[in-house]
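These notes are about the structure you will find just below.
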Amino acid sequence: MNRFLEKYRRGEKSLGTFTHLLSAPAVEALARAGLDYVIIDIEHSPIGAEHAAELVGVADGAGIAPFVRVDEMSRSPVLKMLDVGAAGLIVPQLETVEQAKQLVGWAKFAPTGNRGYCPSRDGGWGYDANYADGMEGYMAWANRNTLLIPQCETAGCLEHIEEIVAIDGVDGIFIGPFDLSIALGIPGRFGDERHINAVERVRLACKRAGKPCIMFCGTAEAAAGYFRQGFDSVTLSLDIGILIEAVRAAADTAFGR
Ligand code: 3PY
Ligand code: MG
């Protein structure tokens with residue numbers, strides 16, 4: 001179940017958020033609210049591999065595509081999160097073309113890469129429908145349907161973005177606007193034309209490569225603007241941030257502020 005991918009293939013836009021709440025019911029609530037995907041954030045929250053695996057299962061059961069943002073570029077987190085059933089991996093702080101190729105090696109089965117194999121949860125340990133055509137069929141299914149999405153948020157990645165997004169096995173790009181602004185020497189200044197131009201360069205590189213581009217932002221108004229700009233998907237805030245905003249707005253209304 002990867003509603004992000006189904007929508008992208010139909011030319012429709014999708015919306016997700018990060019989860020930092022360390023909570024299975026919070027993930028279920030995001031599914032009930034109608035989001036297309038949730039990114040379980042190992043990089044910037046205390047969530048570890050075991051907790052992430054649980055939340056992947058919860059998201060899957062609730063009908064919201066489970067993405068995971070890993071915390072480092074190494075074989076173990078990439079393989080582990082794919083094996084537990086992540087529908088997509090977001091990989092932060094990518095700097096070089098070589099790193100992107102190495103990621104493909106870990107995340108994609110042969111012939112695209114050299115992902116290691118064991119019957120695992122993402123194929124129901126060999127008993128899911130994606131094994132209908134045997135092991136090779138499952139491998140091809142996984143290569144097509146589990147997404148490897150590096151973040152563009154460093155100067156190196158931006159400089160080589162056209163080459164990186166064109167790599168076979170890189171399935172799209174996720175823009176990290178905060179780190180990108182730091183890399184450009186203009187922290188948090190999203191209205192600066194250097195930031196605007198960088199973001200548009202990444203979007204166009206993805207479009208030319210025929211791959212999805214995901215933008216992160218903090219408000220629904222900004223999300224609407226990025227959809228108008230032509231982004232395929234927007235990741236809106238963190239679940240904990242949305243909760244704070246909603247409670248503050250409710251309190252303001254209650255107190256007539
Ligand atoms: C960034 O803005 O740097 C991000 O990684 C968003 O989570
Ligand atoms: Mg970042």
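Just so you know, ligand 1 is whichever comes first in the structure, and atom 1 is the first atom listed for that ligand. In this chain, numbering begins with 1 at the start of the sequence shown. Quick caveat, the model's predicted, so the values are computed rather than measured. Reckoned from all heavy atoms, side chains included, excluding hydrogens, waters and symmetry mates.
- Close to ligand 1: Pro177, with a non-hydrogen atom less than 4.0 angstrom away.
- Residue nearest to atom 1 (C) of ligand 1, selected from Cys152, Pro92, Gly176, Ser237: Gly176 (by heavy-atom distance).
- Once rounded to the nearest 0.5 Å, the distance linking CG of Leu5 with CG of Asp171 reads 8.0 Å.
- Using a cut-off of 4.0 Å between Lys/Arg side-chain N and Asp/Glu carboxylate O, Arg203 and Glu200 are scored as salt-bridged.
- The pair Asp232-Arg10 fails the salt-bridge criterion, with no side-chain N (NZ, NE, NH1 or NH2) lying under 4.0 Å from an Asp/Glu carboxylate O.
- Asp179 lies close to the Mg ion (ligand 2), since one of its N, O or S atoms is found at a distance under 2.8 Å.
- For the pair Lys7 and Asp36, the salt-bridge criterion is met [side-chain N within less than 4.0 Å of a carboxylate O].
- No other N/O/S atom of Glu153 lies as close to the Mg ion (ligand 2) as OE1 does.
- Here the protein heavy atom with the shortest distance to atom 6 (C) of ligand 1 is Phe216 CD2, 3.6 Å.
- Of all atoms in ligand 1, listed by their number and element, those nearer than 4.0 Å to a heavy atom of Phe18 are 7 (O).
- Counting heavy atoms from C-beta on, the side chains of Val70 and Glu43 never come closer than 4.5 Å.
- At least one N or O atom of Glu153, backbone or side chain, sits closer than 3.5 Å to an N or O atom of ligand 1.
- Nearest-residue assignment for atom 7 (O) of ligand 1 (options Arg69, Met215, His44; heavy-atom criterion): Arg69.
- Looking only at distances, no side-chain donor or acceptor of Lys211 sits under 3.5 Å from a matching main-chain atom of Ile173.
- The contact set between ligand 1 and Phe178, taken as ligand atoms under 4.0 Å from a residue heavy atom, comprises 1 (C), 2 (O), 3 (O).
- Note on Arg115 versus Asp83: salt bridge recorded, some NZ/NE/NH1/NH2 to OD/OE distance being below 4.0 Å.
- Taking a cut-off of under 4.0 Å to the non-hydrogen atoms of Asp179, the atoms of ligand 1 that pass are 1 (C), 2 (O), 3 (O).
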